[in-house]
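Along the sequence shown, residues are numbered consecutively beginning with 1. First listed ligand is number 1; within each ligand, the first listed atom is number 1.
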Amino acid sequence: MGAGHIEKLIDEFAALSEPGTGVTRLGYSALEREAHAVFARELSALGLTVWTDTAGNTVAELPGRVEGAPAIGTGSHLDSVPQAGRFDGIAGVCAAIEAARAVVSSGWRPRATWRFVAFAAEEGARFGQACNGSRAAAGIVSPPQLDALADAHGVTMTEAMRAVGLEPGRIAESRWNSEEWLAFIELHIEQGTVLEASDTVIGVVDAISGSTRLLVRLDGVASHTGGTPMHQRQDALVAAAECVLLCERVATDATHHGTRVTVGRLDVHPGSITTIPGRVAFTIDVRDFDSARQRRTAHLLDDRFRQICAERGVGIDTTIIGDTSPVILPVDLVDTIVRAARDLDLPYRLLSSGASHDSQQISRITRTGMIFVPSVGGLSHVPEETTSFADIARGTDVLVRAMAAVDAEWGALA
Ligand code: GLV
Ligand code: MN
Ligand code: MN
């Protein structure tokens with residue numbers, strides 16, 4: 001598959017960024033829509049029918065030989081976290097474009113319908129909740145939920161979607177119909193070191209971690225740093241510091257092997273060197289492969305934060321801003337991807353994904369598989385994120401072969 005094409009596309013997407021370090025192309029921003037327009041341009045040029053749904057997902061369809069046949073899909077997302085790298089999500093979208101190019105230029109026509117997808121607003125970095133476009137495709141989003149989520153500037157998801165010409169009030173129309181689907185396979189960078197450490201080119205994902213996210217607001221008393229003695233303070237930041245350390249202690253205790261808890265954002269008010277912090281807001285991201293433990297841990301942290309704040313005379317308010325269960329991916333698709341890697345003589349291994357993915361949501365609609373390609377040094381969500389173009393091309397070969405295998409299996413049964 002064309003590593004050269006993939007490199008050119010990745011360069012073009014990377015140029016669509018806010019100024020500054022790395023790539024910043026947030027979900028439901030004008031830059032994200034520009035990236036979707038590039039995706040639409042590429043697939044229209046291949047002769048596919050392209051549309052964008054009310055949630056901002058862009059879909060391109062290659063009709064199969066069998067009229068009205070169900071769909072086999074692939075794709076990923078085009079938005080990024082702030083100061084991101086160039087590959088997270090984008091690699092899978094480029095793989096989808098190259099898969100379409102390979103099929104169209106080969107002259108071979110699948111039996112089933114093939115769909116190529118760029119999902120909207122996958123990253124939870126802006127609104128807390130991740131996988132917003134694919135959640136809409138899974139039919140689990142309603143307009144009031146879009147009003148309830150806001151970014152750090154207070155812009156709700158409804159407002160952000162409207163500002164880029166989408167239709168949040170009609171979000172239900174983006175729901176995919178399970179009966180129209182046979183399978184979906186997403187290619188993504190690994191965002192870890194398992195493949196690199198084992199000198200393996202292809203990762204076949206067997207499970208995807210869940211996450212529960214909280215926004216915690218602490219209310220202390222702002223006052224003069226010189227005039228207020230230490231024993232008379234209700235310092236919101238000191239309370240927050242205890243909460244942050246508690247997260248690390250809980251996530252590393254004997255009952256939490258494999259749980260990951262992170263405070264990724266912490267805003268301090270008024271943020272002055274000479275004023276005791278009166279208000280602090282911070283986020284908690286609890287990730288786990290055990291859904292009961294994931295929710296239990298979030299509750300436990302909430303309870304313990306309240307104790308810390310009570311002891312310090314600091315008020316506390318917590319809101320759940322994101323909640324996604326872990327999923328186990330179906331063994332038959334894992335096998336299909338393994339066979340594709342073996343047929344191509346590419347070293348592969350099974351592994352689980354600690355990150356969230358659109359596939360997690362799409363698994364509510366149809367059988368879903370994931371192919372990982374190596375991340376250099378395991379780095380992701382940072383400008384240094386790197387994956388070799390040749391590895392993305394090899395992953396795309398596996399993707400096309402696996403999609404063709406699903407097509408053939410369906411053809412044999414149809
Ligand atoms: C997606 O990148 C996630 O935060 O897991
Ligand atoms: Mn991603
Ligand atoms: Mn990401």
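Within the 4.5 Å cutoff, no side-chain heavy atoms of V268 are placed close to those of R279. Looking at L246 and I308, their side chains come closer than 4.5 Å, going by heavy atoms from C-beta outward.
By the neighbour-count criterion of 12 heavy atoms within 6.0 Å, atom CG of L344 is densely surrounded, having more than that number from other residues, nucleotides or ligands.
Under 2.8 Å from the Mn ion (ligand 3), one finds the following protein N/O/S atoms: D88 OD2, E123 OE1, E123 OE2, H381 NE2.
Checked options T252, T212, V244, L301; the residue passing with V261 is L301 (criterion: side chain to side chain contact (heavy atoms under 4.5 Å, CB included)).
Across T283 and L215, no two heavy atoms sit closer than the pair CG2-CD1, 4.2 Å. Here the closest heavy-atom approach between residue V400 and residue A99 is recorded as CG2-CB, 3.5 Å.
At a threshold of 2.8 Å, the Mn ion (ligand 2) has a backbone or side-chain N, O or S atom of H188 nearer than that distance.
Seen from the ring of W181, R115 counts as a face-on cation partner, given the 6.0 Å and 45° thresholds.
Residues F119 and W176 bring their aromatic ring centres within 6.0 Å. Annotation: W108 is in aromatic contact with W114 [ring centroid separation under 6.0 Å].
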Protein N/O near ligand 1 N/O, under 3.5 Å, which pairs?
residue: ligand 1; atom: 2 (O); partner: E123; partner atom: OE1; Å: 3.0
residue: ligand 1; atom: 2 (O); partner: H381; partner atom: NE2; Å: 3.0
residue: ligand 1; atom: 4 (O); partner: R287; partner atom: NH2; Å: 2.8
residue: ligand 1; atom: 5 (O); partner: R287; partner atom: NH1; Å: 2.6
residue: ligand 1; atom: 5 (O); partner: R287; partner atom: NH2; Å: 3.3
residue: ligand 1; atom: 5 (O); partner: S356; partner atom: N; Å: 2.7

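By the 30° and 60° cut-offs, the orientation of the rings of F372 relative to H357 is perpendicular.
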